[in-house]
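The next block holds one structure in the form of structure tokens; read it before the comments.
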Amino acid sequence: MIQWFYLFLRKGTIVMLMSELIIKKRDGGVLTTEEIRFIVDGYTRGEIPDYQVSAFLMAVFFRGMDRRETLDLTMAMMHSGDTLDLSGITGVKADKHSTGGVGDKTSLVLVPMVASLGVKMAKMSGRGLGHTGGTLDKLESFPGFNTGITHEQFMEQVEKVGMVIAGQTADLDPADKKLYALRDVTGTVNSIPLIVSSIMSKKLAAGADVIVLDVKTGKGSFMKTQEDAHELATEMVEIGKMAGKKTVAVVTDMDQPLGCAVGNALEVKEAIATLRGEFAGDLLELCLTLGGCILTASGMADSDEQAREMLMETIHSGAALKKLAEFVEAQGGDPASVYDPTMLPMAPVQVEVPAEQAGYVSELDALGIGMVSLKLGGGRATKESDVDLSVGVVVHKKVGDPVAAGESLATIHAATEQAAAAAVAGYRECVKVTAQAPAPVRFVKEIVR
Ligand code: URA
């Protein structure tokens, strides 16, 4: 009761009523900077209850926010906790974020490539969410790897090694932690101003000069249509620019998994193979595109073509793989596992999924394959679940590939024969083989600068 009184009164005067702000947004009103700050600060401090903020989020979900409101929400969230000041670190500091997908091991390839060229990559990452994987879980496949470093270690490693990927500390953007958890259970995740403020507040709090965003579109992503992905990309770029950062967004396909591996250690192995120059395809294409955006925005390359050449050279020379090993060692992992991936976790059971008919793969349901990996134990059923780092799926036939009857579509990596059999059945439901080859899909849909 005393707490409530404090909410309404500041120095004896009634300031704002949360219920009035809910009604204002519900009726399509535009909130002021002070009103938005009041909501974010009050919720972060635990003074405004979940039920009022849930109602507010639902009002935003249906009524939206204009760009000024979205910027205010982003800034209020960013200032809800600590922010990192990277200005004392030499050189350009860049950060990359993906809106989340299946088989998305981009950071494990892109970050060492770019860091080996001298751009300082300071990245905070998350754990798996639903059917989408998380970079922190993948990194823990390296024996001994520590994702929970302090702000001081974070800064020191950016300067010394040129790259860091760590978990977000509790004191960075606490508003997002609370709001995201509430959105997850109130049907309010898929709102453009809420996604923009969630992602951009974290990126701005982490202090980089250049922010590159990978906005996924398709069945395996939050943005199911290209129009929605375009709007999300444009809003994030505008908010980043208004906050004084060089911001670029790339809209990419997430109808099928990225690359071939889905599952933590399997994805790390694919990332290492890519850095060894053994894999081309959509994963490498994405790394060259995002890396090109980072190098041109940082002023290190004059054109996308020049940037691509520089990035490919980091693979040919072995510089990117060496940078990955340095990074793994700096965060307590065994660098030998970068050069010998057989040291990484390996599932005891491997079973093929043979094609039942000849033809072309015309559909590969990313969301479904993410669920197959999750059910094998590669993701979390609840927030508290442990992840089995060794399990998952390796896709052998991607959309457009020809396949003969009996040829393997994928290999399932499982803890038991029983889990493998269920995964084989699950995987079959995700693949469509047709007599006609499907129309080619453009992987990089658009770049928003
Ligand atoms: N990723 C985030 O960090 N926030 C969102 O709201 C959606 C995806």
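- Side-chain contact check for Thr74 and Ser197: no donor-acceptor pair (N or O, by modelled atom type) lies under 3.5 Å.
- Residue Ile199 holds its CD1 atom at 12.5 Å from CD1 of Ile239, rounded to the nearest 0.5 Å.
- Atom CG of Asp27 has more than 12 neighbouring heavy atoms from other residues, nucleotides or ligands inside a 6.0 Å radius.
- Qualifying side chain to side chain donor-acceptor pair (under 3.5 Å) partners for Asp66, counting only residues two or more places apart in sequence or in other chains: none.
- With respect to the salt-bridge test (charged N to carboxylate O, under 4.0 angstrom), the residues Glu326 and Lys323 qualify.
- Between the CD1 atom in Ile369 and the CG atom in Leu374 there is a gap of 13.5 Å [rounded to 0.5 Å].
- With values rounded to the nearest 0.5 angstrom, Ile195 atom CD1 is found 12.0 Å from Thr70 atom OG1.
- In terms of heavy atoms, Leu266 sits closest to Val393 at CD1-N, 3.7 Å.
- Without hydrogens or angle criteria, Lys105 side chain to Lys138 main chain gives no donor-acceptor distance under 3.5 Å.
- Considering only residues two or more places apart in sequence or on other chains, Met58 meets the side-chain contact (heavy atoms from CB on, under 4.5 Å) condition with Phe61, Phe62, Thr188.
- Across every non-hydrogen atom of Ser201 and Asp173, the tightest pair is OG-OD2, 2.5 Å.
- When atom types are taken as modelled, the side chain of Lys445 and the backbone of Val251 share no donor-acceptor pair closer than 3.5 angstrom.
- Ionic pairing of Arg308 and Glu305 is not present here: no N-O contact between side-chain nitrogen and carboxylate oxygen is shorter than 4.0 angstrom.
- Val262 and Pro257 get closest at one heavy-atom pair: CG2-CB, 3.9 Å.
- The side-chain heavy atoms of Tyr360 and Lys397, taken from C-beta on, include no pair separated by under 4.5 Å.
- Under the 3.5 Å distance criterion, the side-chain polar atoms of Asp282 are matched with a main-chain donor or acceptor of Gly259.
- For the atom pair NZ of Lys202 and OH of Tyr180, the computed distance is 7.0 Å after rounding to the nearest 0.5 Å.
- Once rounded to the nearest 0.5 Å, the distance linking CG of Leu283 with CG of Leu258 reads 5.0 Å.
- With sequence neighbours left out, Lys245 forms a salt bridge (charged side-chain N to carboxylate O under 4.0 Å, His left out) with no residue at all.
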Name the atoms and distances for all side-chain donor-acceptor pairs under 3.5 Å in residues 94-103, with sequence neighbours left out.
unit_1	atom_1	unit_2	atom_2	d
Asp95	OD1	Lys203	NZ	3.3
Asp95	OD2	Lys203	NZ	3.1
Lys96	NZ	Ser107	OG	3.1
Ser98	OG	Gly100	N	3.0
Ser98	OG	Asp104	OD2	2.8
Thr99	OG1	Lys216	N	3.0

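- Between the Glu363 side chain and the Val431 main chain, no donor and acceptor come within less than 3.5 Å of each other.
- In this structure the side chain of Val250 reaches within 4.5 angstrom of the side chain of Cys293, judged on heavy atoms.
- Under the 4.5 Å side-chain criterion, counting only non-hydrogen atoms from C-beta, His230 is not in contact with Val215.
- Legend: residues meeting side-chain contact (heavy atoms from CB on, under 4.5 Å) with Pro174, ordered by chain and number and at least two apart, are Thr44, Ser80.
- Closest approach of Ile48 to Tyr43, counting heavy atoms only: O-CD1, 3.3 Å.
- Counting only heavy atoms from C-beta outward, the side chains of Val433 and Ser362 never approach each other to under 4.5 Å.
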Between Gln52 and Ser19, is the side chain to side chain donor-acceptor pair (under 3.5 Å) condition met? List the steps.
CA-CA 7 Å; Gln52 284 191 310; Ser19 54; 4.9 Å; no
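- None of Glu69, Glu20, Glu35 except one satisfies the salt bridge (charged side-chain N to carboxylate O under 4.0 Å, His left out) rule with Lys25; the exception is Glu69.
- Residues satisfying the side chain to side chain donor-acceptor pair (under 3.5 Å) criterion with Lys120, sequence neighbours excluded, are Thr90, Glu159.
- Within 6.0 Å of the CD atom in Glu429, the count of heavy atoms belonging to other residues, nucleotides or ligands does not exceed 12.
- Other residues, nucleotides and ligands place more than 12 heavy atoms under 6.0 Å from the CZ atom of Phe443.
- In this structure, CG in Leu194 is found 8.0 Å from CE in Met77, a value given to the nearest 0.5 Å.
- Ser125 is linked by a side chain to side chain donor-acceptor pair (under 3.5 Å) to Lys123, counting only residues two or more places apart in sequence or in another chain.
- Contact detail for Gln256 and Asp253: the closest heavy-atom pair is N-OD2, 3.9 Å.
- Lys178 pairs by the salt bridge (charged side-chain N to carboxylate O under 4.0 Å, His left out) definition with nothing, not counting sequence neighbours.
- Contacts classified as side-chain hydrogen bond (donor to acceptor under 3.5 Å, both in side chains) and involving residues 365-379 (residues at least two apart or in different chains) are not found.
- Side-chain N or O atoms of Asp137 include none that pairs as donor or acceptor with a backbone N or O of Val387 at under 3.5 Å.
- Evaluation of the side-chain contact (heavy atoms from CB on, under 4.5 Å) rule for Lys160 yields Glu156 as partners, not counting sequence neighbours.
- Classification of Arg68 and Asp72 as a salt-bridged pair holds, one side-chain N sitting under 4.0 Å from a carboxylate O.
- Nearest heavy atoms, Leu376 versus His413: CD1-O, 3.8 Å.
- For the side chain to side chain donor-acceptor pair (under 3.5 Å) test, residues two or more places apart in sequence or in another chain that qualify with Glu235 are Arg67.
- Remark: Gln157 pairs with Ile149, Val161, Val164, Phe327, Ala330, Gln331 by the side-chain contact (heavy atoms from CB on, under 4.5 Å) rule, at least two apart or across chains.
- Between the side chains of Thr234 and Glu231, not a single donor N or O lies within less than 3.5 Å of an accepting N or O.
- A donor-acceptor distance shorter than 3.5 angstrom exists from the side chain of Lys224 to the backbone of Ser221, with no hydrogens or angles considered.
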